[in-house]
Amino acid sequence: MQDYDLDTLAVRAGTARSQFNEHSEALYLTSSFVFESAAQAAARFSGEEEGNVYSRFTNPTVTAMQERLAAMEGGDACVATSSGMSAIMATVMALMSAGDHVVASRGLFGATQQLFVNILSRFGITTDFVPATDLAAYEAAIRPETKLIFVETPSNPLTELVDITALSEIARRRGVRLAVDNCFCTPALQKPLALGADLVIHSATKYLDGQGRIIGGAVVGNKPDLDEVFRFLRTAGPSLSPFNAWVILKGLETLRIRMEAQSATALELARWLESHERVERVFYPGLASHPQHALAMRQQKSGGAIVSFEVRGAREAAWRVVDNCRLLSITANLGDTKTTITHPASTTHGRIGAEARQAAGIHEGLLRVAVGLESFADLKADLARGLALI
Ligand SMILES: *Cc1c(COP(=O)(O)O)cnc(C)c1O
C-alpha cells in the first residue's frame with residue numbers, strides 16, 4: 001500500500017471485511033473471539049497462531065484503522081489508543097524506565113505537560129522543557145539518561161514551529177528518540193517520520209475524526225518500538241473501542257480535503273485579522289509575517305487551521321469578541337468542522353498562573369480560533385461584530 005498517494009491510502013488502506021464482503025469497513029462490536037477448538041485457543045494465546053483473541057489486544061476494525069493511519073503517516077506500524085493522552089502515556093511507559101529523562105518543547109498541550117511534570121516524575125522519569133524553536137537548547141538539555149525528545153509543532157496557541165529535520169539530526173547523533181505530536185497538522189499537512197522523527201503521536205479526537213464525535217489516539221512509527229507500545233497496551237489496557245476506530249476510519253477518508261479547506265479559510269481569516277485595526281498581532285504560520293514562515297512552507301503543506309490573535313486591550317476586550325460570536329462555538333476543543341473560539345488565558349492556560357502565562361507569551365488579549373468548514377464571509381462577520389465593540 002505504501003506506493004499509493006495519501007488520497008488513495010486514506011480510502012483504501014486497511015480493510016475489515018466479514019464473510020458478507022461489505023464495501024464499507026465492517027464494525028466488529030465484540031469483546032472477545034471464539035476458537036474452533038481447545039488447541040486453537042492455546043495456539044492463539046501463545047501467539048503461535050495469528051488471530052484475534054480479545055478486543056483489549058486486537059480487533060479487526062481497530063486493526064484496519066491502525067493500518068490506514070500507519071500508511072498515511074508513512075510508518076511501519078501503528079497502535080491505536082483510547083485517547084491522545086493515553087497514546088503519550090503508552091509510548092512513555094513502553095519505551096522508558098525509572099531514571100530516564102525527557103527533553104520536551106515548552107508550550108506542549110496542557111495535559112501533556114502535567115503528565116510529564118506531575119505524574120511521570122513520581123515514577124522517576126524526569127523532564128526538562130526548552131523553548132520550542134531553540135535547537136541548541138534541546139541539544140544542551142540532553143544527558144546520558146535522556147531517552148526521548150518530545151515536541152509539538154506548531155505549538156498551541158502561539159503556533160511556534162519546531163524544525164523537525166534539524167532536531168531529528170540532533171536526536172540521531174545523540175542516540176535519543178524523537179516523538180512528534182502531529183495533532184495540529186496531521187499527515188495531510190506534515191509527515192514527521194519522513195522528516196526524520198521516530199514516532200508520531202495523535203489525538204484522533206481532533207482532525208482525524210474531525211467531526212467532534214469521539215475520543216481516540218494513536219502512536220505511529222517503526223515496528224520494534226510499536227511492538228513495545230503494543231505489549232504495554234494489551235496488558236495495561238488503554239485500548240481504542242472498535243466503534244471509535246470505525247468513526248476514525250471514516251474520518252480519515254475526508255481528512256485531506258477537510259484540512260485543505262479549513263486551512264484555506266484560516267489563511268483568509270488570518271490575513272483579514274492582520275489588517276484589522278483592533279487586532280494587535282496574528283499568530284499563523286501561513287502569514288509572511290510569521291517569524292518561521294519559511295520553515296512552515298518547507299515543513300508543512302499549508303499554515304494549518306488554527307489562528308491565534310491578540311486584540312488591542314486585555315481580558316475584557318477579548319471576552320467581548322467571544323461573547324458576541326453567534327456562530328463560533330465557545331469551546332476549547334479544536335479540529336472540528338464547526339469553528340471554535342477560546343480565550344486561552346482564562347481556560348486552557350488558566351491554571352498555570354499569571355506569571356507563567358506572561359513568560360509563555362499567553363497574554364490576556366489572546367484568542368485562539370480553530371477554523372472549521374463554515375464560509376470565510378460568515379466567520380469574518382461573526383468576529384467583526386465583537387471586534388467593532390472593543
Ligand atoms: C487534545 C490534544 C491532546 C490530547 O488528546 P486527547 O484525545 O484529548 O486525550 C494531545 N496533544 C494535542 C496537541 C492536543 O491538541
Side-chain angles (χ1 to χ4, degrees), residues 62 65 69 73 78-93 102 104-120 127 129 132 148-162 164 179-190 192 197 199-220 229 233 236-241 243-245 247-248 251-252 255 259 262 283 285 300 304-308 329 331-336 340-342 344 347-349 360 362 368-372:
V62 177
M65 186 240 116
L69 184 58
E73 284 284 6
C78 169
V79 169
T81 56
S82 57
S83 69
M85 289 318 301
S86 62
I88 299 170
M89 188 69 187
T91 303
V92 172
M93 296 301 266
V102 183
S105 59
R106 245 179 236 154
L108 288 182
F109 182 67
T112 309
Q113 282 183 51
Q114 283 176 39
L115 177 70
F116 284 120
V117 173
N118 300 329
I119 299 180
L120 292 169
T127 305
F129 293 92
L148 182 71
I149 300 177
F150 191 99
V151 302
E152 232 171 76
T153 180
S155 72
N156 176 24
L158 297 178
T159 71
E160 286 184 313
L161 268 64
V162 179
I164 300 172
V180 177
D181 182 329
N182 201 24
C183 192
F184 274 32
C185 276
T186 82
L189 301 185
Q190 170 173 282
L199 296 158
V200 164
I201 307 278
H202 271 291
S203 166
T205 314
K206 312 295 166 51
Y207 295 102
L208 301 191
D209 163 31
Q211 286 143 90
R213 301 168 292 192
I214 54 95
I215 301 282
V219 188
V220 189
V229 175
L233 177 109
S239 317
L240 184 67
S241 96
F243 180 78
N244 288 6
V247 171
I248 297 165
L252 289 174
L255 176 67
M259 289 308 287
Q262 292 174 223
F283 302 86
Q300 307 176 190
I306 313 274
V307 181
S308 294
S329 315
T331 169
N333 195 24
L334 58 94
D336 200 307
T340 64
I341 186 165
T342 190
T347 59
T348 51
H349 296 70
I362 318 264
R368 188 198 71 196
V369 173
V371 178

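In this chain, residues are counted from 1 in sequence order. Below, each value reflects all heavy atoms present in this structure, side chains not excepted, and no hydrogens, waters or symmetry copies. Both ligands and their constituent atoms are indexed starting at 1 by order of listing.
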Dump all N/O pairs between ligand 1 and the protein below 3.5 Å as a table: atom names plus distance, one pair per row.
residue	atom	partner	partner atom	Å
ligand 1	5 (O)	Ser203	OG	3.0
ligand 1	7 (O)	Gly84	N	2.9
ligand 1	7 (O)	Ser203	OG	2.8
ligand 1	7 (O)	Thr205	OG1	2.6
ligand 1	9 (O)	Gly84	N	3.1
ligand 1	9 (O)	Met85	N	2.9
ligand 1	11 (N)	Asp181	OD2	2.7
ligand 1	15 (O)	Lys206	NZ	2.6

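- Atom CZ of Phe243 has 12 or fewer neighbouring heavy atoms from other residues, nucleotides or ligands inside a 6.0 Å radius.
- Annotation: the span from Ile215 atom CD1 to Asn244 atom CG amounts to 8.5 Å, rounded to 0.5 Å.
- Scored by the side-chain hydrogen bond (donor to acceptor under 3.5 Å, both in side chains) test, Glu152 finds no partners at all (sequence neighbours excluded).
- Taken to the nearest 0.5 Å, the OG1 atom of Thr112 stands 6.0 Å off from the CG atom of Asp181.
- Under the ring-ring contact (aromatic ring centres under 6.0 Å, His included) criterion, Phe116 pairs with Phe150, not counting sequence neighbours.
- In this structure, Asp336 has no salt bridge (charged side-chain N to carboxylate O under 4.0 Å, His left out) partners at least two apart in sequence or on a different chain.
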